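Counting starts at 1 for both ligands and their atoms, in listed order. Here the structure is a predicted model, which means the values were calculated and not measured.
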Amino acid sequence: MNSYRFPFTRMRRTRTKKFIRNLVKENRLTVNDLIYPLFIVDGTDKKEPIPEMPGLFRYSLDNLKNEIKNILSLNIPAIAIFPKISNNLKNPSGSEALNKNNIVCNAIKLIKDTTSELGVLCDVALDPYTDHGHDGVIKNDYVDNDETVKILCEQALIQTEAGCDIIAPSDMMDGRIRKIRKILENNNHKNTLIMSYTAKYSSSFYGPFRHAVGSSNNFGNKDKSSYQMDYGNSKEAIREAELDISEGTDMIMVKPGLPYLDIISKLNHKFDIPIFAYQVSGEYSMIINAINNGLLDRSVILETLTSFKRAGCSGILTYFAPTVSKILNEDN
Ligand code: PBG
């Protein structure tokens with residue numbers, strides 16, 4: 001083992017110059033790794049700033065087209081759509097989720113009329129549509145699993161028929177992947193992709209998002225820990241992944257991102273399936289506020305996103321997608 005010792009081995013040799021650092025680099029982020037979550041809102045002529053997420057906006061559909069062109073020009077491969085609907089459309093069962101002309105379906109159609117290149121991902125969950133802000137319907141003070149799954153299947157089908165490419169159930173109900181896959185197959189949507197929110201933790205990092213979609217309005221101090229995972233657990237993430245894969249998901253996701261890199265790494269070693277991370281709203285807000293206040297350099301964006309690749313991710317959902325695409329394009 002002598003040859004491993006100093007001075008035969010000097011770890012710094014491969015760090016001396018940029019060319020060699022580039023040659024030995026194990027993981028790099030490319031624009032192709034990015035999914036951009038985008039907020040939409042009812043009405044016209046709106047581009048509303050989201051105060052909790054500086055630099056981001058909610059777009060009304062008439063303004064969406066321009067933003068889509070912007071995203072296309074940056075070569076971002078896919079977006080995820082999140083709606084903020086008006087309170088008068090919300091009710092306990094989230095029935096607006098099943099309206100074929102709801103804002104999400106109309107957004108998908110508009111995007112698909114504009115371009116066939118951009119992949120569209122849609123959340124399957126009821127929280128933007130329920131007046132209580134939970135992801136499902138409530139029975140006896142409990143988010144009812146099986147009743148909720150029935151509605152989610154319909155929601156997934158409606159979004160698919162509007163043209164959605166990737167169905168992303170974010171609700172954490174049991175058994176929903178199998179039922180959604182079944183309804184898609186039964187309706188001849190054989191190539192619709194499913195990216196399951198597999199290990200979605202009950203997290204305070206979702207706070208800014210809940211403001212952005214208006215689901216925190218009546219949510220108060222309630223939490224989602226009767227369906228989202230406990231952050232103390234990791235074996236449970238493996239069981240969730242086993243189930244989702246056996247039920248027919250094409251990809252799995254871990255959420256939030258940075259505090260859960262260990263989970264991504266574990267799943268990556270255990271399963272041969274593409275893994276995605278969601279760098280969530282709270283992570284975005286922390287980083288952007290630190291950058292805007294001069295506390296951190298903007299290079300932390302690339303550093304955090306590359307760490308997801310290192311942990312084993314195929315790609316990342318990130319609000320930094322446009323910013324980092326510009327950084328990556330400048331570098332090339
Ligand atoms: C809804 C959903 C949430 C996020 C994505 N889909 C919030 C929640 O579960 O309360 C969070 C995304 C983010 O914080 O950026 N089921």
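Residue-level proximity to ligand 1 for V280 is carried by backbone and side chain together, each with a heavy atom below 4.0 angstrom. Counting heavy atoms closer than 4.0 Å to ligand 1, residue D171 contributes nothing at all.
Protein heavy atom closest to atom 14 (O) of ligand 1, with residue, atom name and distance, is S281 OG, 2.7 Å. For atom 1 (C) of ligand 1, the nearest non-hydrogen atom of the protein is D127 OD2, 2.9 Å. Scanning the protein for heavy atoms near atom 6 (N) of ligand 1, the closest one is D123 OD2, 2.8 Å. In terms of protein heavy-atom proximity, atom 12 (C) of ligand 1 is nearest to F209 CD1, 3.3 Å. Of the protein's heavy atoms, K255 NZ, 2.7 Å lies nearest to atom 5 (C) of ligand 1. The protein non-hydrogen atom at the shortest distance from atom 8 (C) of ligand 1 is K224 NZ, 3.3 Å.
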Chi angles and distances behind the salt bridge (Lys or Arg N to Asp or Glu O under 4.0 Å) call for R239, E236: CA-CA 5 Å; R239 293 185 71 203; E236 201 178 326; over 6 Å; no
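For the atom pair NZ of K270 and CD of E242, the computed distance is 6.0 Å after rounding to the nearest 0.5 Å.
The one candidate from F57, Y59, F209 that meets the ring pair (Phe, Tyr, Trp, His ring centres under 6.0 Å) condition with F39 is F209. Among the candidates D135, D230, D171, the single residue satisfying the salt bridge (charged side-chain N to carboxylate O under 4.0 Å, His left out) test with K224 is D135.
With ligand atoms numbered from 1 in the order given, ligand 1 contributes 12 (C), 15 (O) to contacts under 4.0 Å with heavy atoms of Y278. Taking a cut-off of under 4.0 Å to the non-hydrogen atoms of D135, the atoms of ligand 1 that pass are 16 (N). For ligand 1, the atoms sitting less than 4.0 Å from at least one non-hydrogen atom of K200 are 1 (C), 2 (C), 3 (C), 6 (N), 8 (C), 9 (O), 16 (N), numbered in the order shown with element in parentheses.
If you check the side chains of Y278 and Y319, you find a donor sitting under 3.5 Å from an acceptor. Residues D123 and S170 bring a donor and an acceptor atom of their side chains to less than 3.5 Å of each other.
Taking the charged nitrogens against the carboxylate oxygens, D250 and R181 do have a contact shorter than 4.0 Å, which makes a salt bridge. Ion pairing of E48 with R58 is present here, as a side-chain N (NZ or NE/NH1/NH2) and a carboxylate O approach within less than 4.0 Å.
Relative to atom 15 (O) of ligand 1, the option among Y206, Y319, Y197, Y227 with the closest non-hydrogen atom is Y319.
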